[in-house]
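Shown next, in structure tokens, is the structure this report addresses.
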Amino acid sequence: MFRRLPIRALHFTLALAIVIGITFFYRRIVTVNQTTVALTFLLAILAVSTVWGFAVSAFMSVAAMLAFNYFFLPPVGTFTIADPQNWAALFAFLATSLIASQLATRARREADEAQQHRREIERLYAFSQQLLVSGNVITLLNAIPNHIVEAFEVGAAAIYLENKNKFYHSGASPHLADEELKGATAREEPLRDAGRSLCFVPVRMGTRPIGSLGISGRLLSRQTLEALGSMIAIAFERARAVEELGKTEATREGERLKSALLDSVTHDFRTPLTSIKASVTSLLSTANPPEAQQRELLTVINEECDRLNQLVGDAAEMARLDAGEFELNLEPNAMEEIVSAALLHCKGVLGGRTISVDVASGLPSVLADFDRIRDVLVRLIENADAYSPKDQPIIIMAEISGKFLSTSVADNGPGIEDMELGLIFDKFYRGKNQRYLVQGTGMGLPIAKAIVEAHGGTISVTSQRGHGSVFSFTLPLHQKRSGAQ
């Protein structure tokens with residue numbers, strides 16, 4: 001308050017200087033009639049009232065009236081007025097200047113209020129956008145005070161939540177006492193303490209109080225405070241509802257995965273176990289089986305054990321990827337070398353199938369874990385081999401796509417129906433027309449998807465019934481450091 005006194009005194013001084021300046025100009029430089037002088041004084045008073053308010057303009061009106069009387073109304077040089085008409089003109093001038101000052105001041109005040117209201121609405125909108133970001137209740141409650149400080153440029157903010165009896169502050173807020181926040185919960189209306197620059201508003205969901213909001217460092221309008229209280233209550237209920245829905249969805253998804261896993265275990269584990277059991281029973285029931293039969297049965301046992309080992313390995317790998325319990329050894333690697341390593345790994349499975357590779361040797365390196373990306377390619381190649389005729393080729397291509405390298409594996413199999421394209425990367429999902437014709441666990445493509453996305457890439461499939469499918473994945477190119485030779 002005391003800091004404003006020198007500024008206020010300066011405004012009065014400047015107003016008086018303007019009156020003196022106008023008087024000097026019309027007395028010494030330009031000679032005009034009394035009407036022109038009066039209008040000039042009025043215009044100056046209106047301008048001052050618009051900028052500095054009514055008090056300064058009223059003072060200036062009195063000063064201008066005295067100057068007008070002394071210097072421009074006869075007899076000039078005295079405050080005596082000889083003509084009664086001049087008395088009427090003088091008081092009309094004073095009344096006009098005071099009324100015009102008041103109207104200009106009121107218009108300015110209303111314009112300032114409208115401007116402030118507009119800014120607060122803009123800030124409320126920005127604040128509402130920030131409230132929609134988080135779906136976690138705790139994260140939201142911790143973020144709201146900071147959002148209020150940033151959006152409304154206040155000193156500090158704090159929230160009290162009644163059912164948890166907890167306080168959430170925006171950093172240091174010494175003026176927002178916990179007891180005052182608790183007390184504000186039971187209030188019907190916002191509290192604005194101008195002396196301490198504090199605001200308190202109850203946060204209600206309908207008529208039910210759920211907490212309170214405290215703001216220090218700036219007085220917000222009552223309408224803004226009420227809007228903040230309502231928005232915070234709605235955001236809190238929304239976040240709580242989203243959290244509950246997330247828990248429900250997680251439970252439902254867990255049940256679905258559990259059912260899918262049991263179905264996979266029942267079908268995929270029982271088949272090799274049945275073969276192993278039959279082979280062992282045959283060996284045990286025959287006293288001296290022929291060597292050829294014995295070798296055949298032992299081969300079946302060995303292959304089915306490998307299959308069981310693959311099933312268990314895929315399940316463990318899927319669990320690690322879902323939990324994020326794996327590390328990537330990211331290094332610059334040439335896709336040509338990764339493709340060669342994948343084909344070498346699949347040599348026994350592919351047999352004599354034709355493989356067409358279109359990977360230029362000059363392609364930029366990708367930033368990738370060599371073994372993980374080789375595993376992705378192995379799964380895609382084995383998938384193409386399993387679902388396409390043996391006399392049809394598999395085509396492997398790689399090309400640059402912006403800042404990524406896109407690698408694709410194409411086959412000439414039966415293709416995938418449109419309705420299944422969105423499910424092909426789901427855990428344990430297998431095509432309805434192929435699940436009983438081709439052995440598998442339904443985990444290969446989800447594992448490949450998780451690995452590619454962990455590298456910052458994407459994986460997709462395009463397919464046409466009767467003409468085959470193309471599985472593609474992207475990996476970020478290795479960005480060489482500036483100045484590298």
Side-chain angles (χ1 to χ4, degrees), residues 1-123 153 192-199 217-224:
M1 179 178 180
F2 292 104
R3 291 180 179 178
R4 298 183 63 182
L5 290 177
I7 298 176
R8 201 69 168 165
L10 178 62
H11 290 166
F12 281 103
T13 303
L14 290 174
L16 183 60
I18 292 172
V19 172
I20 295 171
I22 293 173
T23 302
F24 178 81
F25 180 78
Y26 285 135
R27 286 284 296 175
R28 299 294 183 182
I29 300 176
V30 178
T31 302
V32 295
N33 58 35
Q34 297 168 354
T35 303
T36 303
V37 176
L39 288 174
T40 305
F41 277 130
L42 280 175
L43 289 174
I45 291 168
L46 284 174
V48 168
S49 66
T50 303
V51 178
W52 294 330
F54 179 72
V56 179
S57 64
F59 167 78
M60 186 176 177
S61 297
V62 174
M65 181 198 71
L66 295 175
F68 186 62
N69 180 14
Y70 189 86
F71 291 102
F72 298 101
L73 289 180
V76 175
T78 68
F79 289 105
T80 303
I81 299 177
D83 191 347
Q85 292 184 357
N86 289 339
W87 278 105
L90 188 62
F91 282 108
F93 170 80
L94 180 61
T96 302
S97 62
L98 290 175
I99 292 172
S101 297
Q102 188 175 17
L103 291 175
T105 302
R106 181 185 298 175
R108 176 175 175 268
R109 182 171 61 250
E110 291 176 352
D112 289 343
E113 290 176 354
Q115 183 72 5
Q116 182 180 359
H117 186 60
R118 183 186 64 81
R119 285 197 298 265
E120 289 190 355
I121 290 176
E122 291 175 349
R123 288 168 174 170
E153 299 177 357
R192 301 170 75 245
D193 188 341
R196 296 187 296 163
S197 295
L198 294 179
C199 301
R218 182 178 180 182
L219 288 179
L220 300 181
S221 67
R222 176 178 172 176
Q223 294 83 356
T224 300

- Query: In chain order, what residues pass the side chain to side chain donor-acceptor pair (under 3.5 Å) check against Thr40, with sequence neighbours excluded?
  - Reply: Tyr26
- Item | Phe24 side chain near Ile29 side chain, heavy-atom distance below 4.5 Å | yes
Listing, residues 60-68 side-chain donor-acceptor contacts under 3.5 Å, not counting sequence neighbours, or none:
residue, atom, partner, partner atom, Å
Ser61, OG, Ser57, O, 2.8
Ser61, OG, Ser97, OG, 3.2

- Item | Sequence-distant partners of Arg222, salt bridge (Lys or Arg N to Asp or Glu O under 4.0 Å), two or more places apart | Glu189, Glu226
- Message: Under the rule for side-chain contact (heavy atoms from CB on, under 4.5 Å), what residues qualify as partners of Ile20, not counting sequence neighbours?
- Response: Leu16
- Those residues at least two apart in sequence (or on a different chain) that pass side-chain contact (heavy atoms from CB on, under 4.5 Å) with Ser221 are Glu120, Gln223, Thr224
- Query: Between Leu219 and Asp193, what is the shortest heavy-atom contact and its length?
  - Reply: CD2-O, 3.8 Å
- Closest heavy-atom contact between Val56 and Ala15? CG1-CB, 3.7 Å
- Query: Parallel under 30°, tilted from 30 to 60°, perpendicular over 60°: which one fits the rings of Trp52 and His11?
  - Reply: parallel
- Going from CZ on Phe41 to CG on Leu46, what distance comes out if it is rounded to the nearest 0.5 angstrom? 13.5 Å
- Task: Mind checking ring-ring contact (aromatic ring centres under 6.0 Å, His included) for Phe59 and listing every partner two or more places apart, or none if nothing turns up?
- Result: Phe12
